[in-house]
Amino acid sequence: MKRISWKSPSNIALVKYWGKHGVQLPSNPSISFSLDHCYTETSIRLEEGGTGIQSFHFEGEAKPSFIPKLQTFLDRVSPMLPWLSGFGIAIQSKNTFPHSSGIASSASGMSALALCLADAHAAMNGGEIDMQLASELARLGSGSACRSVYGGYTAWGETPHIPGSSDRYAVPVLDVHPEFRDLQDTILLIDSGEKQVSSTVGHGLMDGHPYASARFEQAKDHIKRLKGILETGDFMDLADLIEREALTLHAMMMSSNPHFMLFKAGSVAVIRSVMEWRAKGEPISFTLDAGANVHLIYPATYAQKAMDIIQAEFLGFCQDGAYICDSVGKGPAKIS
Ligand code: PMV
């Protein structure tokens, strides 16, 4: 069979997923938006008569150390793709963002691979690619990856506030105010070092965490609030909510057993400064992933002023002055 290639974006969660059960099922619902510039391009070649992952190349170089993780993913998805047993898979992948940036590539990487497999599934059975299947496959690789198969805003996890939502796959959130459809995300690359704790370990530390159930209830309530805010387009309400979410995520890490802290001094300095700017009425806010980098979130209409603030105040906190200007993206695309 010929080569199949897809590009798929990274995403940034506004209400965070942290804590899971069963096979990659979330302990609370989450909402993110897909990024426009940070994505992974992946090609697969199916080799008839082979079995399992035959090779993995990242940015042109063979990376056999990735194969066990990819094979685990393949073993998980194979019951949903019965034809897979008759094929081996050779994978090639590359990112548009530097892998030393500290930006997690699991969401874009796993969603791009899942899209290739869902597309192959459509080719085997005839018909169009099923995005719900692609999302479910992506989830089995990395939870947050299931939200990357759509553009714009996406929800994952069952919630009464989003019809059709599920723990098994993500769904698009379509009712979004025009003000938020081109929201900006400037990622300040504060620290590019290896993560101190993998997200798998971090999720696991929510088991038995003394504040876990309160956190899961808070996230459910935040989904309801965020859904309303996305409809009305009030940026200051959004800022208040996403900052609380980001700080709660890190508070969960700082209060787990063992505890850990992913902020760097630069992250804290930027966060404080953003809070001060907003207290003066400026429409700029932040969110964080499980790392030290700070995502500055602001409306497109505020981009010039935000860039002035970034240049004047934040570049000194970025490693080698590096940052990535991104925004809400249109989602994955097939590469012909
Ligand atoms: O998909 P994972 O297992 O890498 O978990 C990602 C968790 C956060 O990025 C911290 C939050 C989220 O919802 O994306």
Side-chain angles (χ1 to χ4, degrees), residues 11-18 26 28-36 144 147 150-163 165 170-188 211 214-252 267-268 270-289 293-310 314 325-329:
N11 67 72
I12 179 72
L14 301 178
V15 172
K16 310 288 181 181
Y17 145 63
W18 198 243
N28 65 261
S30 56
I31 291 183
S32 61
F33 64 77
S34 292
L35 296 178
D36 199 28
S144 59
R147 298 186 309 238
Y150 301 106
Y153 293 78
T154 308
W156 169 40
E158 197 179 331
T159 162
H161 309 295
I162 298 176
S165 57
V171 292
V173 177
L174 299 174
D175 201 354
V176 174
H177 193 277
E179 176 89 5
F180 289 158
R181 286 191 204 141
D182 55 358
L183 209 59
Q184 305 294 295
D185 177 3
T186 298
I187 310 165
L188 303 178
Y211 310 133
R215 160 59 194 157
F216 300 145
E217 287 312 307
Q218 179 202 44
K220 288 175 193 165
D221 179 56
H222 282 175
I223 290 288
K224 179 178 174 202
R225 281 188 56 196
L226 179 57
K227 181 79 177 33
I229 292 169
L230 290 177
E231 285 163 24
T232 55
D234 187 319
F235 182 82
M236 291 309 201
D237 281 353
L238 181 81
D240 181 62
L241 183 72
I242 67 175
E243 290 184 3
R244 184 156 324 121
E245 269 294 312
L247 293 179
T248 303
L249 170 72
H250 283 254
M252 289 296 115
S267 326
V268 176
V270 170
I271 287 169
R272 282 184 172 280
S273 175
V274 170
M275 286 171 151
E276 281 164 20
W277 278 108
R278 219 177 50 269
K280 289 186 222 157
E282 302 292 329
I284 184 162
S285 69
F286 69 87
T287 186
L288 304 156
D289 249 334
N293 295 335
V294 180
H295 292 243
L296 294 177
I297 306 291
Y298 52 90
T301 48
Y302 188 68
Q304 187 54 55
K305 180 78 192 281
M307 283 317 293
D308 291 346
I309 296 174
I310 292 165
F314 299 154
C325 289
D326 216 325
S327 59
V328 176

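A distance-only check finds a donor-acceptor pair linking the side chain of Asn11 to the backbone of Ser144 [under 3.5 Å]. For the pair His161 (side chain) and Leu226 (backbone), a donor-acceptor distance under 3.5 Å is absent. A donor-acceptor pair under 3.5 Å links the side-chain atoms of Ser165 to the main chain of Thr159, judged by distance alone. With Arg278 contributing its side chain and Ile284 its backbone, the two residues share a donor-acceptor pair below 3.5 Å. In terms of modelled atom types and a separation under 3.5 Å, the side chain of Tyr153 and the main chain of Phe180 share a donor-acceptor contact.
From Ile242, atom CD1 reaches atom CG of Asp237 across 11.5 Å, with rounding to the nearest 0.5 Å. To the nearest 0.5 Å, the span separating OH on Tyr211 from CE on Met252 amounts to 8.0 Å. Atom CG in Leu14 sits 6.5 Å away from atom CD1 in Ile297 (nearest 0.5 Å). Note that CG of Asp185 and OG of Ser34 are 11.5 Å apart. Values are rounded to the nearest 0.5 Å. Ser30 contributes atom OG, which lies 9.5 Å from atom CD of Glu245 (distance to the nearest 0.5 angstrom).
Lys227 has a carboxylate O that lies under 4.0 Å from a charged side-chain N of Glu231, or vice versa, which qualifies the two as a salt bridge. Salt bridge Glu158/Lys220: absent, no basic N to carboxylate O contact under 4.0 Å.
For the pair Lys280 and Trp277, the cation sits on the ring face: its NZ or CZ lies under 6.0 Å from the ring centre, inside 45° of the axis.
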With side-chain hydrogen bond (donor to acceptor under 3.5 Å, both in side chains) as the test, would you mind laying out the steps for Ser32 and Tyr17 before giving the verdict? CA-CA 10 Å; Ser32 61; Tyr17 145 63; over 6 Å; no

Criterion side-chain hydrogen bond (donor to acceptor under 3.5 Å, both in side chains) on Tyr302 and Gln184, from CA distance to verdict: CA-CA 9 Å; Tyr302 188 68; Gln184 305 294 295; over 6 Å; no

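Partners of Asp221 according to the side-chain hydrogen bond (donor to acceptor under 3.5 Å, both in side chains) rule, which considers only residues two or more places apart in sequence or in another chain, do not exist here.
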